[in-house]
Amino acid sequence: MKKRFNITGLCVPEKHYMVDISGRLKEIRLLIDEGAYFTINKARQYGKTTTLHALSNALADSYFVVKMDFQSLGSASYKNENTFSHAFASGFLRSAKLFNANVPQENPAFQTLCKISETSEESFDLRRLFLLLLQFCKFSSKPVVLMIDEADSASNNQVFLDFLSQLRNYYLEREAIGTITFQSVILAGVYDVKNLKRKIRQDEEHTMNSPWNIATKFKVDMSFTKSDIEGMLKEYETEHLTGMNIREMAELIYSDTSGYPYLVSAFCKLIDEDIADAEISDSKLSAWTRAGFLKAERMLLTEKNTLFDSLIGKLADYPELNSMLKTLLFTGADITYNADEPSLDMATMFGFIKNQNGTVQIANRIFEMRLYNFYLSSSDMQNLEIYKVSQRDKNQFISDGRLNMRHILEKFTEHFHELYGDSSDSFIETVGRRFFLLYLRPIINGAGNYYVEAQTRDQRRTDVIVDYHGEQFIIEMKIWHGNEYNKRGERQLVQYLDDYHQNTGYMLSFNFNKNKQVGVHEIMVGEKLLIEAVV
């Protein structure tokens, strides 16, 4: 069977190109060998289900693994203890048979659970369920490991919290007096079980539950490294012989995704199936290039999927998060990361932002570009005059398929001065960089992309990298803070041009000096040409 890159459901080594996760499995196994109970809470489509499946196979030599999916229990299962206990018993038995070669027919608890699962006995509650589970563990030929995928699908129900409390109680008994119970329990989901809110009664405020305070902290990094991506591409290359530069392609994919598993696979799938199939040549070499990568990037940024829907949906759910992200993206202001801030905690849990040395950063470049596109495509933004004049101007900036960045700066400077030259300094400082990106967007839309280099973004300076038909443009946007600061900015831009192997750079300075000379001029710094626009 021909292998493919997979972005839906479980990844299977025999069917799909996959990153080698054996190292991660060894790390997780250490926790299980130690008898730890823990939660794998990662963002959507981060490889949790695939990891659990691979882990269950890796543990089969030493453990009796029961891997359940709480989504399959159905919402009616959480009505009360009786319905939950019956549903859990049925799911437990089914999983025990599915994932283990030797079904423990001789285990008395197994036989009892089989009989109860075939009835609707109303007296079957959590207490009896756990007595049977303890008996199952006691008579099992191997230590029992319980894995529960999609655990957070049950998390808003009191019976689930009571279930966690029972797991906790017997874990403590195991540590205190040696009660034989599960060797390890793994809960997997998006939400962190320790931080879920729930209502105990209709008339009470939401409180924080803590039935899972026995959990060991899960520190295994499930994102993909550049080496991980290289390994997957090497396997692909062995079969397809495209002649690609594997290291270069891995670096490009990692630079946009920061190793987010779904995004990595999505890039590869687009290049392999959409871009390569569109080529006339039988060879896929032209697809697995920087040009092919940029095509895939444009396609990914415009497609609709559940991951992006979730990202945008959280902006409506958390207005304070929406405001914070706008400030971060358009002004470069440092925002201190505070895990106790609900919106930041939620955004981190969903994988949208990260804590970078104590400050908030967007998790990866794809999310950042998607957010820029979302904000700049709003009706409020597109009703602004600077966007309307860009729409009228856009055809004059392309000649023979090439982008004339100098002319873009000239026209932006002209329009911005006409429209906002009399505005306050604080207004220009707040919106200036946002308005340039808004002006730029319709010009390159559909044929190019741009992103902000996170390492250089601050309240004084932001570097924008524009890709258009394979050609790159480095643009430094900055707030004027005197000649010395400007000279330092020129030297920084020259260094940045060296990093990108460019000879020409562009500067856009928002200058509040009343005696400034508005317009575009050229500066030679060594062998580099800098084209600066002052507004």
Side-chain angles (χ1 to χ4, degrees), residues 248 251-252 255 290-291 294 332 365 386 389-390 393-417 428 432-445 447-513 515-535:
E248 179 187 28
E251 288 178 350
L252 286 170
S255 67
R290 188 173 181 278
L294 292 175
R365 191 176 288 165
I386 196 69
V389 295
S390 175
D393 290 349
K394 62 182 182 180
N395 293 330
Q396 63 183 277
F397 302 117
I398 313 298
S399 177
D400 296 326
R402 298 189 64 189
L403 192 66
N404 188 334
M405 185 57 69
R406 178 183 181 127
H407 191 38
I408 291 175
L409 289 176
E410 289 172 342
K411 295 301 291 185
F412 174 78
T413 300
E414 175 187 324
H415 292 310
F416 192 87
H417 186 67
I428 294 174
R433 287 180 279 194
R434 184 186 314 185
F435 281 11
F436 176 70
L437 294 176
L438 184 63
Y439 185 81
L440 188 62
R441 189 169 189 273
I443 298 170
I444 66 172
N445 190 35
N449 278 318
Y450 60 81
Y451 61 88
V452 172
E453 180 53 61
Q455 291 181 347
T456 66
R457 178 176 52 205
D458 58 37
Q459 288 183 290
R460 292 190 171 193
R461 173 189 175 211
T462 295
D463 287 323
V464 178
I465 292 86
V466 176
D467 282 302
Y468 190 87
H469 283 180
E471 189 174 6
Q472 282 193 315
F473 304 86
I474 315 299
I475 309 162
E476 179 186 282
M477 297 188 294
K478 66 180 186 297
I479 306 298
W480 180 269
H481 287 282
N483 285 323
E484 180 55 35
Y485 177 78
N486 197 55
K487 292 294 184 184
R488 188 163 66 249
E490 292 172 1
R491 294 192 294 270
Q492 289 173 329
L493 179 56
V494 166
Q495 179 60 53
Y496 210 47
L497 291 174
D498 282 336
D499 294 341
Y500 276 81
H501 309 292
Q502 300 288 321
N503 293 318
T504 302
Y506 302 86
M507 303 176 73
L508 175 59
S509 299
F510 295 93
N511 190 333
F512 307 129
N513 189 330
N515 298 321
K516 65 178 178 287
Q517 183 177 353
V518 175
V520 177
H521 61 277
E522 297 182 357
I523 310 164
M524 290 298 299
V525 179
E527 297 180 352
K528 305 294 185 184
L529 172 63
L530 306 185
I531 299 173
E532 181 174 19
V534 179
V535 295

Legend entry - Which atom of Tyr506 lies closest to which atom of Arg406, heavy atoms considered: CE2-N, 3.9 Å
Inset, instruction - For side chain to side chain contact (heavy atoms under 4.5 Å, CB included), just list the numbers for Leu508 and Phe412, CA-CA rounded to whole Å, side-chain angles, deciding distance to a tenth of an Å, and then say yes or no. - result: CA-CA 10 Å; Leu508 175 59; Phe412 174 78; 3.8 Å; yes
Inset, instruction - Report the relative orientation of the aromatic rings in Phe416 and Phe435; use parallel for angles under 30°, tilted for 30 to 60°, perpendicular for over 60°. - result: perpendicular
Inset, instruction - Identify whether the distance between the nearest side-chain nitrogen and carboxylate oxygen of Arg290 and Glu248 falls below 4.0 Å. - result: no
Inset, instruction - Hey, can you tell me if Tyr439 and His415 have their rings parallel, tilted or perpendicular (30° and 60° cut-offs)? - result: tilted
Inset, instruction - Check whether the ring centres of Tyr468 and Phe473 lie less than 6.0 Å apart, and answer yes or no. - result: no
Inset, instruction - Would you indicate whether the side-chain heavy atoms of Lys528 and Asp498 approach each other to under 4.5 Å? - result: yes
Inset, instruction - Begin from the C-alpha positions of Gln502 and Tyr496 and carry the test side chain to side chain contact (heavy atoms under 4.5 Å, CB included) through to its verdict. - result: CA-CA 9 Å; Gln502 300 288 321; Tyr496 210 47; over 6 Å; no
Inset, instruction - For residues Val534 and Gln517, report the shortest heavy-atom separation together with the two atoms involved. - result: CB-O, 3.7 Å
Inset, instruction - Starting at CD of Glu476, measure out to CG of Asp463 and round the result to the nearest 0.5 Å. - result: 5.5 Å
Inset, instruction - Decide side chain to side chain contact (heavy atoms under 4.5 Å, CB included) for Glu471 and Leu403; before the verdict, give the C-alpha distance in whole Å, the side-chain angles of both, and the deciding distance to 0.1 Å. - result: CA-CA 8 Å; Glu471 189 174 6; Leu403 192 66; 5.6 Å; no
Legend entry - Ile443 versus Ser390, closest heavy-atom pair with distance: CG1-OG, 3.7 Å
Legend entry - Interatomic distance, Gln495 atom CD to Arg491 atom CZ [nearest 0.5 angstrom]: 12.0 Å
Inset, instruction - Would you give the length of the straight line joining atom CD1 of Ile386 to atom CG of Leu440, rounded to the nearest 0.5 angstrom? - result: 11.5 Å
Inset, instruction - Any chance you could measure Tyr451, atom OH, to Asp467, atom CG, to the nearest 0.5 Å? - result: 6.0 Å
Legend entry - NE2 on His469 to CG on Asp400, rounded to 0.5 Å: 12.0 Å
Legend entry - Met507 vs Lys478 side-chain heavy atoms within contact, under 4.5 Å: yes
Legend entry - Over all atoms of both residues, closest heavy-atom pair of Glu532 and Ser509: OE2-OG, 2.7 Å
Inset, instruction - Please answer whether the main-chain N or O of Leu409 pairs with a side-chain N or O of Thr413 as donor and acceptor at a distance below 3.5 Å. - result: yes
Inset, instruction - In sequence, state the C-alpha distance, the side-chain angles, and the governing distance for Ile531 and Val520, and then conclude on side chain to side chain contact (heavy atoms under 4.5 Å, CB included). - result: CA-CA 7 Å; Ile531 299 173; Val520 177; 3.6 Å; yes
Legend entry - Heavy-atom side-chain proximity of Tyr500 to Ile465 below 4.5 angstrom: yes
Inset, instruction - Look up atom CD1 in Ile474 and atom CG in Leu530, then write down how far apart they are to the nearest 0.5 Å. - result: 12.0 Å
Legend entry - Enclosure of Glu522 CD (heavy-atom neighbours >12, cutoff 6.0 Å): yes
Inset, instruction - Please say whether more than 12 non-hydrogen atoms of neighbouring residues, nucleotides or ligands are located less than 6.0 Å from NE2 in His417. - result: no
